[in-house]
Amino acid sequence: MIATDGKADKDLLGRDIFARQIVKSLTSSFKDTSESLVVGIAGNWGSGKSTLLSYIKNHLDNQSSGQGIKIIEFNSWGNTGEDGLERNFLETILEKLSGFKWGKDISKANQKLKKYLSYLKYVKFLKHTNGVVKGILDGVDDYVNGEGVGTVGDLKEAIGGLLAENNVKLYILIDDLDRLTPKEITAVFKMLKVNLNMVNTFFLIAYDKEVVIRALETEYGVNGERYLEKIIQVDFSMPPVLERQLEEIFFSRLKAYLIKLELNVDLEDLQSAWRLHGLGEYLQSIRDINRYLNNLVFSLPNIQNDIFLLDFLLLEAIRTFDHRSYQRLHIEIPMIRRQAIWADVAVNENFVKRFTNGTTASLLDLLLLNDYGKRKYMDPKRLRDPEYFERYFSLMVPSTDVTESYITAFFSEGSNKFALLSQILGTDKMHNFLKRISNPNLEIRLSSSSKDIFANFIGFWNQRPDRIDYSYKSLIISAYFNLINFFDDSHKAVNYATEAVSLNRKPGGKIGFVIIYQILIDRVSGVSPAVIEQFRSKKAGLTAPFEKYLADESGFSFMHFREGEISWVDSTFLFAMARFLQKEYIEKLEENLQHPQMGVAIVKHFLLLDQQGNAGTVDFGQRELLLPGGLLAKLLGAIRGYSRSELSALDYKNLLFFAEGARELVRSETLESK
């Protein structure tokens with residue numbers, strides 16, 4: 001862990017000076033006091049009381065050799081239990097006293113201490129070995145009668161004599177009192193007031209005054225503050241921690257930890273979140289800072305390179321201090337995105353306002369509605385981006401997502417692109433990978449030495465033995481053109497991209513064919529206007545070999561249509577032939593219309609289908625391209641002749657739906673022509 005607030009290391013709040021003043025006051029002002037003295041150190045939860053006690057112990061240690069000081073520490077929270085608290089306290093004192101070196105003969109006192117210590121250990125032994133209370137009490141009585149243990153008063157007298165004989169002041173430091181239950185708190189004060197008011201003994205108690213007062217009033221039904229005044233003779237209050245001090249401590253510790261993780265990040269936006277958006281309201285004490293940073297130790301390392309760090313740091317604050325809102329975010333944002341498909345809902349100001357914690361709402365405004373990351377970072381991977389959202393909560397990259405290591409490897413010179421892409425495809429991460437490399441803001445810079453990346457990318461898809469899923473179509477095209485954005489010289493990059501799909505003056509395989517088609521019909525997107533103009537200048541050199549490819553491959557492609565084995569590449573071929581070789585296209589289509597699957601392939605481009613594949617609307621927007629002249633009427637005639645047994649029930653139903661709409665169009669056109 002990064003730090004705790006129980007040990008004194010660096011004096012971040014000037015507590016060492018305060019501790020020195022306390023020790024100086026006690027060792028000088030109460031130098032000649034032999035009565036028991038209870039000193040309170042009051043402070044709120046997380047104000048640094050444990051750290052102050054640690055500094056006090058250090059200063060007492062420095063004086064112990066020359067001024068006759070003995071120190072015992074007791075953590076009350078670690079020794080709880082109504083019936084065991086006093087016994088554990090006495091046992092701690094006796095064990096420490098028995099282990100100290102004393103200047104004068106202490107054999108008589110030491111014998112009493114050891115007997116009483118043995119008695120306490122015997123009681124503990126009996127509690128673990130006897131299940132019947134009567135048996136325990138009988139055992140204790142037998143032991144006391146046989147060993148001459150004596151009473152607590154005898155014990156106090158023996159300890160007092162030991163301290164007085166050796167001119168020693170005993171300092172007993174008691175921490176974590178305010179973590180006890182009300183009964184346990186009152187038990188400690190009863191013990192100090194009645195049983196342990198020993199001579200030459202100083203009790204230094206760190207406590208939260210409000211907590212203790214409420215406990216005393218709950219248990220005794222009296223004025224807790226007045227009761228406390230009777231027990232605590234000297235009361236110190238913790239100096240308040242200034243907000244500026246907390247800010248400096250938080251950012252110095254956070255920066256040190258991020259450097260340890262080799263994360264060099266500008267924390268200016270986070271400092272703005274502290275001062276202007278309420279982050280500092282979460283972190284009101286050193287304990288709050290430690291709690292946050294200790295959580296960060298476990299949550300950040302596994303995900304540090306796959307998120308936008310500033311978003312993660314803010315979300316981690318919400319998780320640490322408002323976990324209920326954190327859980328709501330994880331559930332509600334994905335739900336809203338699903339609903340947004342059919343309802344007017346969004347992650348907006350109204351969504352943020354539903355969070356009643358003001359600090360959380362302010363930070364969510366920054367996380368979900370603010371563009372601060374875009375000012376400095378090319379690919380911020382924001383929490384609000386759907387493709388990155390889940391990794392912030394799972395603290396890992398989801399199984400269908402890609403880590404930054406995949407991105408880095410793909411763009412590294414000399415890496416095996418084919419093996420890497422095969423691995424990505426085999427682990428169902430390809431959609432997210434293509435989305436990532438389609439992002440022009442990726443922090444990637446390529447030079448001419450990386451020119452083969454185009455050929456490697458296209459080559460991988462061309463060599464796929466299986467049909468490429470339609471869902472990859474736009475992603476492959478977008479990713480291919482986006483590679484140009486990563487090159488230092490975009491002019492050369494356009495040449496590399498064109499050469500990769502037109503090697504030997506022919507389209508480079510099935511995907512290369514699709515890329516060239518996009519260039520020829522001006523569908524290059526995601527690049528600068530200058531790059532688009534450069535691609536336009538390439539058209540003249542690409543058109544002739546492209547048309548030759550269409551003519552050469554038309555027989556093979558139309559065979560696919562007849563057999564019903566079409567892919568989105570085949571569909572692209574259909575559009576390309578209709579656009580660039582219209583005469584040949586019409587001839588081929590007329591030759592093949594008698595095949596039902598050919599009709600299905602054409603009709604699908606005019607139907608709007610639901611998720612089950614049922615036609616709901618006929619759209620004739622592509623009619624002039626795919627069915628020019630009298631081809632629509634010829635297609636309707638072919639449909640009437642199709643055998644129902646040659647088609648699936650759904651395809652036959654959709655063909656009839658299309659035919660009904662097309663007949664109306666043919667009738668209206670016939671009337672207009674007359």
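These numbers were taken from a predicted model, which means no experiment stands behind them.
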Working to the nearest 0.5 Å, report the span between [atom1] of [X] and [atom2] of [Y].
X	Y	atom1	atom2	answer
Asp322	Gln327	CG	CD	10.0 Å
Leu442	Lys381	CG	NZ	7.5 Å
Asp306	Tyr388	CG	OH	10.0 Å
Ile56	Asp61	CD1	CG	12.0 Å
Asn58	Asp16	CG	CG	7.5 Å
Leu368	Leu329	CG	CG	6.5 Å

Q. Salt-bridged, Arg244 to Glu247, with N to O below 4.0 Å?
A.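 Yes, Arg244 and Glu247 are salt-bridged.
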Q) Between Asp176 and Arg179, does at least one N-O distance fall below 4.0 Å, as a salt bridge requires? A)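 Answer for the salt bridge query: yes.
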Backbone N/O of [Y] and side chain of [X]: donor-acceptor pair under 3.5 Å:
X	Y	value
Asn166	Val168	no
Ser362	Thr359	no
Tyr292	Leu313	yes
Glu217	Gly224	yes
Gln284	Gly280	yes
Glu73	Leu173	no
Asn348	Phe351	yes
Asn295	Thr320	no
Lys49	Asn44	yes
Asp208	Glu210	yes

Q: Check the pair Asn290, Arg253 against side chain to side chain donor-acceptor pair (under 3.5 Å), reporting the backbone distance first and the verdict last.
A: CA-CA 9 Å; Asn290 289 336; Arg253 285 188 176 181; 2.2 Å; yes
Q: Kindly determine whether Arg319 and Glu316 satisfy salt bridge (charged side-chain N to carboxylate O under 4.0 Å, His left out), including the steps that lead there.
A: CA-CA 5 Å; Arg319 184 177 79 88; Glu316 185 67 9; 2.5 Å; yes
Q) After noting the C-alpha distance and the side-chain angles of Glu225 and Lys209, does the key distance pass the salt bridge (charged side-chain N to carboxylate O under 4.0 Å, His left out) rule? A) CA-CA 8 Å; Glu225 191 166 5; Lys209 183 174 284 189; 5.4 Å; no
Q: Report yes or no: do Tyr282 and Thr360 form a side-chain donor-acceptor pair below 3.5 Å?
A: yes
Can you tell if the side chain of [X] reaches within under 4.5 Å of the side chain of [Y], non-hydrogen atoms only?
X	Y	answer
Tyr171	Leu204	yes
Ile172	Leu170	yes
Ile41	Tyr207	no

Would you say that more than 12 heavy atoms from the other residues, nucleotides or ligands in this model lie under 6.0 Å from the [atom1] of [X], or not?
X	atom1	answer
Glu262	CD	no
Glu268	CD	no
Glu35	CD	no

(Q) Quick check on ring-ring contact (aromatic ring centres under 6.0 Å, His included): which of Phe355, Phe393, Phe321 does Tyr326 satisfy it with? (A)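 The single option meeting the ring-ring contact (aromatic ring centres under 6.0 Å, His included) with Tyr326 is Phe393.
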(Q) Pair Phe308, Leu383 - check side-chain contact (heavy atoms from CB on, under 4.5 Å), show working. (A) CA-CA 7 Å; Phe308 181 43; Leu383 168 72; over 6 Å; no
Write down the atom of [X], the atom of [Y], and the distance for their closest heavy-atom approach.
X	Y	result
Leu367	Arg382	O-NH2, 2.8 Å
Leu296	Tyr257	O-OH, 3.7 Å
Ala361	Val352	O-CG1, 3.2 Å

Q | With sequence neighbours excluded, residues passing ring pair (Phe, Tyr, Trp, His ring centres under 6.0 Å) with Phe18 | A | none
Q) ring pair (Phe, Tyr, Trp, His ring centres under 6.0 Å) with Phe251: which residues, sequence neighbours excluded? A) Trp274
Q: Establish, for the pair Arg20 and Tyr55, whether the NZ or CZ atom is under 6.0 angstrom from the six-membered ring centre and no further than 45 degrees off its axis.
A: no
Q: Assess whether salt bridge (charged side-chain N to carboxylate O under 4.0 Å, His left out) is satisfied between Arg384 and Asp311, documenting all intermediate values.
A: CA-CA 9 Å; Arg384 66 187 188 188; Asp311 272 11; over 6 Å; no
